[in-house]
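One structure is given here, and the rest of the page talks about it.
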Amino acid sequence: VDSVMRRTDLVNSDLIIGPVDVKLQKNISNFSYKNQIPMVSPFSSDDDYTLANPFYYQINPTKDFILRKTADFIGREYCDKNVIVFKPWSYEQIGGADLVETVRDKIKYYASKKKVSSGRFKIISISEGYWEVKNSLKADEENIIFIPPSNNRTEREAILSKAINSLYVLSEEFKITLIGMNDYPTFKSINT
């Protein structure tokens, strides 16, 4: 990337698309800003550069946006169901707000709007085991499980692997709908 930026013909570009590797975007974004060349980021969902570079265009929505929409989706679609949130040790914040509380607020909001009684809402720490999860599930209704994203990717994969394996075993007895983030299927230790 650095060698491409040193070439004089890049300064005459009308548009830069990429790089694909998010780790390499900082220098290109700086170059784009300095030379006032629009830059399109095809895969990144981090909004680090959108705020600093008015020539930076991001195709994917930010993580904050995705988390807000996920909380809204859970509230809108499952406000009258048994919703269980697995709370990891460290999880994403929505603009400084607690993601778990945002989900709870959306459930209350949509239950009120639809004039239905709010379903059961329970938070289980990810460190709690199989039996705590099993005791929280309802046999006669749909159980919605939401696993908020952990801040640490390695921790996230370990949490998901353990949780999803437990849920897989429990799915023989209970109707379970798992809601997660778009990167969950990419983890190697999770059998989709």
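Every heavy atom of this structure was used, including side-chain atoms; hydrogens, water molecules and symmetry mates were not. These figures come from a predicted structure and were not determined experimentally.
- At distances below 3.5 Å, not a single donor-acceptor pair connects side-chain atoms of Ser29 with backbone N or O atoms of Lys26.
- Linking ILVMFWY side-chain heavy atoms closer than 4.5 Å, directly or via other members, places Tyr33 and Met5 in two distinct hydrophobic clusters.
- Atoms CD1 and CD1, on Ile37 and Ile16 in that order, are 4.5 Å from each other to the nearest 0.5 Å.
- Salt bridge absent: Glu77 and Lys106 never bring a charged side-chain N and a carboxylate O closer than 4.0 Å.
- Take Tyr49 and apply the side chain to side chain donor-acceptor pair (under 3.5 Å) test, not counting sequence neighbours, and it matches no residue.
- With a 4.5 Å cut-off on side-chain heavy atoms, Val100 and Phe146 do not count as touching.
- Remark: side-chain polar atoms of Ser136 are paired, donor with acceptor, to backbone N or O of Glu132 under 3.5 angstrom.
- Between the Asn53 side chain and the Phe55 main chain, a donor and an acceptor come within less than 3.5 Å of each other.
- Side-chain contact of Ser32 with Tyr56: a donor-acceptor pair under 3.5 Å is absent, judged by distance alone.
- Scored by the side chain to side chain contact (heavy atoms under 4.5 Å, CB included) test, Val40 finds Leu15, Ile17, Tyr57, Ile59 as partners (sequence neighbours excluded).
- Without hydrogens or angle criteria, Lys114 side chain to Arg76 main chain gives a donor-acceptor distance under 3.5 Å.
- For Phe73, the CZ atom sits in a packed shell: over 12 heavy atoms of surrounding residues, nucleotides or ligands are nearer than 6.0 Å.
- Using a 4.0 Å cut-off between charged nitrogen and carboxylate oxygen, Glu141 and Lys138 do not count as a salt-bridge pair.
- A donor-acceptor contact under 3.5 angstrom links the side chains of Asp72 and Tyr110, judged on distance only.
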